[in-house]
Visitor: 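Encoded as structure tokens, here's the structure I'll be asking about.
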Amino acid sequence: MPKGTSFAVKNLFFNIPARRNFLKSDTVEYRHIIDEFQRVAMAHPNIHFTFYHNGSEMYNLPISTSRQRVVNVFSGKTNEKLVPVQEETEIVTIQGFVSKPEFAKKNRGEQFFFVNDRFIKSGYLHHAVMAAYDGILKDGAQPSYFLYLSVPPNSIDINIHPTKTEIKFDDESALYAILRASIKHSLGQFNVAPVLDFERDANLDTPYHYKDLEGAVPTIQVDSTFNPFSDDKVNKHYAGSGSGSNSGSSYKKPAATANWESLYVGLKQEADFTTESTEFSFESEEVTGSLFNDEEVEHAVQNVYQIHKKYIVSPIKSGMVIVDQQRAHQRVLYEQFLTNMTVHQASSQQLLFPLNLYFSSNEMELIDDLKLSLVNTGFVFEETNDDHVVISGIPVNVTESEISMVLEQLLSDLQDGIPENSFSQNDTIAKSMAKSLAVKTGISLTIKEQENLVNGLFACKDPNVSPFQKPTFITMRVEDIDKKFAL
């Protein structure tokens, strides 16, 4: 269109009011608009984009390179996360960027494929990217990528999806192999992934100041008169013959210890005199009790068992109960967090050094909306900027190393939108934190930890299900076990 052309959309549902019912909250719809804006802006870095929301400028993206456009869109420390990818073949030309493994996140929010300057979604190509990261990513981590693919227009079919976000390639297997190899090569080229370098100079293995030095021969001094198997007479003989061939050596006779009893002569009388004149009384220490006596320990060992580091088995009067340790811990933590946020005043532990966490602009908007609820949880925000937050206090049952994981999981759970009322926000935060901090399957628990978990579960208001409505335990009656043996 000519320069200066403006578009305005009003009364969108005037003729089709039923479609309005499919709309979600303003926050969710605004999130969808932001997503579409980002896709168009990153596909066309040669165009200047500005974005306003309720009169406030949200984005101002000048004409720039692809790398600078990605950095401007997501801000934060995006620039130092990116590793360039470039490959040109007859089938496809690949340009773009992938993130370093240490910056991988829990969510898939920063993953973009562009084919011929159009955004697409492709689980097949995503699998190729994940295959390139094989062995260098933690379980459940998702890398960020911004990949631009150029293919001949006659080699793709864009009419397989109503929104045109999915396309079909003529030679998908070749494209998969090229994309995987290109990313793996880039990660190795920039020393992100381990590689074998057969052209390495072996001289670099030795420090330069040791290169031309030769090892010095150590000097040895030997006492030729020493004989570990000799007796005193032989030693005296060697000591007396010191002026001969062994004149350069010396021998010192050990002190005589044959009459060692003489050292204690007279001590008995002094001890008896002291004993007669003075009376000593010693107060014996009685052990009145211990935290866990032997009976309790034996009782605990017989009452709970862990199976395959996943289930906890405990006998009951009618049979036995089998508890899923991960789901049970989720329920316990969920009710603790929810109680602290809604009933009690949240307790915080102050950090010795404030923690700086960097997020993208979209994630910062979510954190700003959730800030009050997070404060009620126990977080203390010392400072909030456009691209990072400074946290000086955290909830008492969260460690400093878990903060980044907890917030990433929370932002991932809230990608579809933030609940409107405060109780729903607290509920969402409590569920997300419980999922992040709960003990995982495969973790070995001590007897006391197993007991505490089982007791904590049945002290909950709703111990039957996890916060995600999945059963936390099952019971087996003795009659059911008898039936199994009767078959």
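Treat the numbers as computed from the prediction; the structure is a model and nothing was measured.
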Visitor: Just checking, any donor-acceptor pair under 3.5 angstrom between side chains of Thr428 and Asn426?
Guide: no

Visitor: Assess whether side-chain contact (heavy atoms from CB on, under 4.5 Å) is satisfied between Phe49 and Arg69, documenting all intermediate values.
Guide: CA-CA 10 Å; Phe49 287 91; Arg69 177 55 58 88; 3.5 Å; yes

Visitor: Which residues satisfy the salt bridge (charged side-chain N to carboxylate O under 4.0 Å, His left out) test with Arg67, sequence neighbours excluded?
Guide: none

Visitor: Quick check: are there more than 12 heavy atoms from other residues, nucleotides or ligands sitting under 6.0 Å from CZ of Phe458?
Guide: yes

Visitor: Atom NZ of residue position Lys440 - does it have more than 12 heavy atoms of other residues, nucleotides or ligands inside 6.0 Å?
Guide: yes

Visitor: Do Asn46 side-chain atoms and Ile63 backbone N/O form a donor-acceptor pair below 3.5 Å?
Guide: no

Visitor: Look up atom CG in Leu355 and atom CD1 in Ile403, then write down how far apart they are to the nearest 0.5 Å.
Guide: 7.0 Å

Visitor: NE2 of His161: more than 12 outside heavy atoms within 6.0 angstrom?
Guide: yes

Visitor: If you look at every heavy atom in Met42 and Val73, which pair is closest and at what distance?
Guide: CG-CG2, 4.2 Å

Visitor: Is the shortest side-chain heavy-atom distance between Leu411 and Glu408 below 4.5 Å?
Guide: no

Visitor: Is the shortest side-chain heavy-atom distance between Gln95 and Gln86 below 4.5 Å?
Guide: yes

Visitor: Answer whether the closest heavy-atom distance between the side chains of Arg20 and Leu12 falls below 4.5 Å.
Guide: no

Visitor: Output the distance between atom CG (Leu82) and atom OG (Ser186), rounded to the nearest 0.5 Å.
Guide: 12.0 Å

Visitor: Within this structure, what is the CD-CD distance for the pair Gln306 and Gln450, rounded to the nearest 0.5 Å?
Guide: 5.0 Å

Visitor: Please check: side-chain N/O of Glu87 versus main-chain N/O of Ile94, any donor-acceptor pairing under 3.5 Å?
Guide: no

Visitor: What's the separation between atom CD in Glu102 and atom NZ in Lys81, rounded to the nearest 0.5 Å?
Guide: 10.5 Å

Visitor: Taking all atoms of both residues into account, what is the closest heavy-atom pair of Arg331 and Cys460, and its distance?
Guide: CG-SG, 3.8 Å

Visitor: Taking C-beta and beyond as the side chain, do Leu149 and Leu125 meet within less than 4.5 Å on heavy atoms?
Guide: yes

Visitor: Is there side-chain contact between Met433 and Pro395, with heavy atoms separated by less than 4.5 Å?
Guide: yes

Visitor: What distance separates Gln142 CD from Glu110 CD, expressed to the nearest 0.5 Å?
Guide: 12.0 Å

Visitor: Return the CD1 to CZ distance between Ile120 and Arg39, rounded to the nearest 0.5 Å.
Guide: 11.5 Å

Visitor: Considering non-hydrogen atoms only, spot the tightest contact between Ala430 and Phe337 and give its length.
Guide: CB-CB, 3.9 Å

Visitor: Is there a donor-acceptor pair closer than 3.5 Å between any side-chain N or O of Ser318 and the backbone N or O of Arg477?
Guide: no

Visitor: Just by distance, do the side chain of Ser466 and the backbone of Arg327 share a donor-acceptor pair under 3.5 Å?
Guide: no

Visitor: Measure up the Phe37 and Tyr59 rings against each other and bin them: parallel (under 30°), tilted (30 to 60°), perpendicular (over 60°).
Guide: tilted

Visitor: Nearest heavy-atom pair of Glu400 and Ile394: which atoms, and what distance?
Guide: N-CD1, 3.8 Å

Visitor: Taking it one step at a time, do Thr472 and Asp324 satisfy side-chain contact (heavy atoms from CB on, under 4.5 Å)?
Guide: CA-CA 5 Å; Thr472 57; Asp324 187 308; 5.7 Å; no

Visitor: Just to verify, what does Gln350 make a side chain to side chain donor-acceptor pair (under 3.5 Å) with, not counting sequence neighbours?
Guide: none

Visitor: Identify the two heavy atoms, one from Ile443 and one from Gln325, that lie closest to each other, and give their separation to 0.1 Å.
Guide: O-NE2, 3.3 Å

Visitor: Is there a donor-acceptor pair under 3.5 Å between the side chain of Gln68 and the backbone N or O of Thr65?
Guide: no

Visitor: Evaluate side-chain hydrogen bond (donor to acceptor under 3.5 Å, both in side chains) for Lys371 paired with Thr384, printing each intermediate quantity in order.
Guide: CA-CA 10 Å; Lys371 189 173 181 180; Thr384 304; 3.3 Å; yes

Visitor: Please work out which of the three classes, parallel, tilted or perpendicular, describes the rings of Phe146 and Phe112, given edges at 30° and 60°.
Guide: parallel

Visitor: Can you confirm whether Leu366 sits close enough to Phe359 that some side-chain heavy atom of one is under 4.5 Å from a side-chain heavy atom of the other?
Guide: no

Visitor: Determine yes or no for a side-chain-to-main-chain donor-acceptor pair under 3.5 angstrom, with Glu383 supplying the side chain and His388 the backbone.
Guide: no

Visitor: Check Glu402 against Leu437 and note the closest heavy-atom contact, atom names and distance.
Guide: OE1-CD2, 3.2 Å

Visitor: Measure from the side-chain N and O atoms of Glu29 to the backbone N and O of Lys24, and report whether any donor-acceptor pair falls under 3.5 Å.
Guide: yes

Visitor: Counting only heavy atoms not in Lys164 (residues, nucleotides, ligands), do more than 12 fall under 6.0 Å from its NZ?
Guide: yes

Visitor: Taking the side chain as everything from C-beta on, heavy atoms only, tell me whether Leu179 gets closer than 4.5 Å to Phe113.
Guide: yes

Visitor: Can you check whether Val439's main-chain N or O pairs, donor with acceptor, with His329's side chain at less than 3.5 Å?
Guide: yes

Visitor: Are the aromatic rings of Tyr124 and Phe169 close, with centres under 6.0 Å apart?
Guide: no

Visitor: For the side chain of Ser432 and the backbone of Ile429, is there at least one donor-acceptor N/O pair under 3.5 Å apart?
Guide: no

Visitor: Walk me through it: do Thr93 and Tyr148 pass the test side-chain contact (heavy atoms from CB on, under 4.5 Å)?
Guide: CA-CA 8 Å; Thr93 299; Tyr148 301 82; over 6 Å; no

Visitor: Would you check, one step at a time, whether the test side-chain contact (heavy atoms from CB on, under 4.5 Å) holds for Thr78 with Tyr358?
Guide: CA-CA 9 Å; Thr78 306; Tyr358 288 82; over 6 Å; no

Visitor: Are Pro101 and Leu137 close enough that some pair of their side-chain heavy atoms sits under 4.5 Å apart?
Guide: yes

Visitor: Is the backbone of Phe103 close enough, under 3.5 Å, to the side chain of Lys105 for a donor and an acceptor to pair up by distance?
Guide: no

